[in-house]
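Shown next, in structure tokens, is the structure this report addresses.
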Number of protein chains: 2
Amino acid sequence: MANVTIKEVAEYAGVSQATVSRVLNHHAYISDDVRQRVQQAMDALGYQPNRSARRLRAHSSDIMGLIIPDIQNHLFQTLVRGVEDAAYARQLNVVLCNTDDNPDKQTAYLRVMQAERAAGVVVIPTRSNDGPVLAPVREAGIPIVLVDREVVNFEADIVKADNVRGACEATTHLIRLGYQRIAIIAGTQSLTPGRERLRGCYEAFDEMGIRVDSALVKVGNFRLESGYELTRECMSMAEPPDAIFVANNLMSLGALRALHELGIRIPEQVALVGFDDMPWAGDLNPPLTTVSQPGYELGQQAVRLLLQRAESPDLPYNKVILQPRLVVRRSCGAYLSVNHRD
Amino acid sequence: MANVTIKEVAEYAGVSQATVSRVLNHHAYISDDVRQRVQQAMDALGYQPNRSARRLRAHSSDIMGLIIPDIQNHLFQTLVRGVEDAAYARQLNVVLCNTDDNPDKQTAYLRVMQAERAAGVVVIPTRSNDGPVLAPVREAGIPIVLVDREVVNFEADIVKADNVRGACEATTHLIRLGYQRIAIIAGTQSLTPGRERLRGCYEAFDEMGIRVDSALVKVGNFRLESGYELTRECMSMAEPPDAIFVANNLMSLGALRALHELGIRIPEQVALVGFDDMPWAGDLNPPLTTVSQPGYELGQQAVRLLLQRAESPDLPYNKVILQPRLVVRRSCGAYLSVNHRD
DNA sequence: GGACGATGTGAAATCGATTTCAGTACTTTA
DNA sequence: TAAAGTACTGAAATCGATTTCACATCGTCC
């Protein structure tokens, strides 16, 4: 009924609180007789140790924070799964925080994590200059692992995909297929993924000895509307592109929508390559060629780094870079059959 | 640096701990002089009150649990947003727990919430007989609000969509369009949404005076693979259906995939109506007609009920039923133009 | 001018767990 | 047989906040 405390268990079992605590924590040096009596008492009373009290004493917590910008983004969903599974396996409970890419919300959540004395925090930071917000949390003894985005003047463990390589491969793919006017819809340039992906494109152009038409390079903000707008802009040019590379999944959806509305056939009139795969990318119209990031593995690695850091705080920082993979579908490069989907 | 406690703040400011606590909690009867000194001390030391200690005293928490079956399901994603926004506005922090529809995980998370003395828990239960797992949590004084799925022998506040009506509308829509052999791919029948949606279909058939061909009613489990398999089953029948109603979003994607693989044209050869909308439903091939549930509002209402319950535990239980909406797109009913997307 | 209320502050108890320290009983070892 | 472990248990301190109670000061009212 009400909440049972260790004191009541102790009385019920006829032992001291210390003994109950020892049974609870699987101490050595407890007689079988007492252990059983205490166990029975706990069962009978439905005892649940109060975690606040526990944490207060232990100065540590079995909670870890996961701060992401947008739960509607499929990449982050898979990431969450990866983090969750890895954490669950290690008895850590994940508190998921959604910042909406709002620095204030991020600050609020970081504050919560610090006050909570979390075991650690995995963060996809909202801005590349979030260092001053992150540093005090780390100084308070809470390990921080960054994912996906780097922060200036804040060295830390980080897990990310090889954005340069991914974008480079995608662009090379387009060039090899013979597309002449390739538009780039890049993402937020104040964030490393945005910059790196754009750099990857340039590298591809360089390697293949192609001059870039800067009029065809548009910079968006990773949101759906942005992809939509910029695609319309591209297609209304005097000399529209014959292919578009879009730097993330949400903007790809925006691009797709714009092209549909304009009645433009993909890939016949314009080919499309996106970044970040989605399980239903093959069911879009047309099935979308994308660079697939290993979101689940990003999450798992993040937890691994977090625990490693918690164990030995003074090791040099790690940078784990996972490789993306180009998945070719109908929107660019796969002409197998009209209704084929992968 | 290290973690600052109230004691250190008190010393720094030259006052007692009690006074610092009063400043912290905006007590009346604090002189401006002292208030300022304490504020400065807190700022100077970077003080963050320890939440465990706070909670231990207060017997209450500013954490609420949100237990969902699958974060990859778009309905639950919007729900999460709804809950989060409503909670954020009321200074509650949401701990998101993903059960994978695994009752053991659910039990584990409920235990955590109880031990945490959470302010409340919003649950989409894994099974309709989860009563015995939920009851003790509520008895421990933690308000519980169910969403989407009901539980037998466990009356509680609940928010859900009008599944019967939604399915009925969808089916009626199909019948009105003149489809003769309508297949139903229903969801898990041990869960109320699965049962109610199927019932809605039957009601539509009844109202329109149509006899149901039971060979065309298949029961799946709400997962993508299930929709895929059952659709293949349907289409390999001697007399295949000319329309399919699928009872949730993931199974719809499975159905779509199966039809694509079989090279079947939608809606020319078979029309398709799904349940649960997705932002990119209009970008699928073809744009998908679906019954849209108000996920965001479900989440908001859930938090509202939770707080109401916390405030007055003895009020009779509420049942909030929100209305879904049929969104007609190309996969069934909208023939406007080849590339139109909404 | 004494009583009363409003204002402002501190010492100490409290929340529910863990942990240290000390003590008892029982073995083992020299 | 005394000394030294080993096994087991309890009293009390502790973690960092909040809250009660007591007390001091000041103004006001009759």
Side-chain angles (χ1 to χ4, degrees), chain A residues 2-39 41-42 45-63 111-112 114-119 140-142, chain B residues 1-39 41-42 45-63 111-112 114-119 140-141:
Chain A
N3 280 315
V4 185
T5 73
I6 201 174
K7 193 172 162 195
E8 299 168 61
V9 175
E11 274 167 19
Y12 189 101
V15 297
S16 74
Q17 302 182 25
T19 303
V20 177
S21 173
R22 286 187 186 110
V23 172
L24 219 54
N25 296 286
H26 305 104
H27 251 262
Y29 301 156
I30 293 281
S31 66
D32 282 353
D33 170 43
V34 168
R35 188 193 309 283
Q36 278 176 27
R37 272 219 318 283
V38 172
Q39 278 295 356
M42 296 200 297
L45 300 174
Y47 172 66
Q48 292 281 354
N50 181 318
R51 304 184 132 218
S52 301
R54 224 173 205 190
R55 231 175 273 155
L56 178 56
R57 253 323 288 236
H59 287 287
S60 81
S61 152
D62 51 0
I63 280 183
R111 208 184 294 280
V112 170
Q114 185 180 344
E116 205 73 62
R117 270 65 168 165
I142 298 179
Chain B
M1 201 54 108
N3 280 315
V4 185
T5 72
I6 201 173
K7 194 172 162 194
E8 300 169 59
V9 175
E11 276 167 17
Y12 188 100
V15 297
S16 74
Q17 302 182 25
T19 302
V20 177
S21 173
R22 286 189 187 107
V23 172
L24 218 54
N25 295 285
H26 306 103
H27 251 262
Y29 301 156
I30 293 281
S31 66
D32 282 352
D33 171 43
V34 168
R35 189 195 309 284
Q36 279 176 27
R37 273 222 315 282
V38 172
Q39 278 295 356
M42 297 200 296
L45 300 174
Y47 172 67
Q48 292 282 355
N50 181 316
R51 306 186 131 217
S52 300
R54 227 174 202 190
R55 227 173 277 154
L56 178 57
R57 255 319 291 233
H59 288 289
S60 80
S61 154
D62 51 1
I63 280 183
R111 208 184 294 280
V112 170
Q114 185 179 345
E116 205 74 61
R117 269 66 168 165

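Worth knowing before you read on, the calculation uses all heavy atoms, side chains too, and leaves out hydrogens, waters and symmetry mates. Lettering follows sequence order; numbering is per chain, from 1. Just so you know, these numbers come straight off a predicted model, no measurement behind them.
- Put simply, the side chain of R35(A) does not reach to within 4.5 Å of the side chain of R22(A), judged on heavy atoms.
- Between Y29(B) and dT7(C), a side-chain N or O to OP1/OP2 separation shorter than 4.0 Å is present.
- The closest side-chain heavy-atom distance from Q48(B) to V4(B) is not below 4.5 Å.
- At least one side-chain heavy atom of R54(A) sits less than 4.5 Å from a side-chain heavy atom of N25(A).
- For the OP1/OP2 pair of dT9(C) and a distance below 4.0 Å, the side-chain nitrogens and oxygens of S31(B) include at least one atom meeting the criterion.
- Looking only at side-chain heavy atoms (C-beta outward), P49(B) and L24(B) come within less than 4.5 Å of each other.
- Note: CD1 (I30(B)) to P (dG10(C)) measures 9 Å, nearest angstrom.
- Note: CG (D32(B)) to C1' (dT7(C)) measures 12 Å, nearest angstrom.
- Within the 4.5 Å cutoff, side-chain heavy atoms of E116(A) are placed close to those of I63(B).
- Taking atom CG of N3(A) as the reference point, atom P of dG16(C) lies 8 Å away to the nearest angstrom.
- Here the side chains of H59(A) and N3(B) are not in contact, with every heavy-atom distance at 4.5 Å or above.
- Comparing the end axes of the helix from dG1(C)-dC30(D) to dA30(C)-dT1(D), each fitted to five base pairs by superposing C1' atoms of four pairs onto the next four, gives an inter-axis angle of 50° (nearest 10 degrees).
- Considering only heavy atoms from C-beta on, R55(B) stays 4.5 Å or farther from N50(A) through its side chain.
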Distances under 3.5 Å only, N/O to N/O: pair up the protein atoms with those of nucleotides 17-26 of chain D.
unit_1	atom_1	unit_2	atom_2	d
dA17(D)	OP1	Y47(B)	OH	2.9
dA17(D)	OP1	N50(B)	N	2.7
dA17(D)	OP2	I6(B)	N	2.2
dA17(D)	O5'	Y47(B)	OH	3.1
dT18(D)	OP1	N25(B)	OD1	3.4
dT18(D)	OP1	N25(B)	ND2	3.1
dT18(D)	OP1	R54(B)	NE	2.9
dT18(D)	OP1	R54(B)	NH2	3.3
dT18(D)	OP2	S21(B)	OG	2.6
dT18(D)	OP2	N25(B)	ND2	3.4
dT18(D)	O2	R57(B)	NH1	2.8
dT19(D)	O4'	R57(B)	NH2	3.1
dT20(D)	O4	R22(B)	NH2	3.2

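- Heavy-atom nearest nucleotides on DNA chain C were determined for H59(B) and for V34(B), and the one closer to the 5' end corresponds to V34(B).
- Taking 4.5 Å as the limit, some side-chain heavy atom of V38(B) sits within range of a side-chain heavy atom of M42(B).
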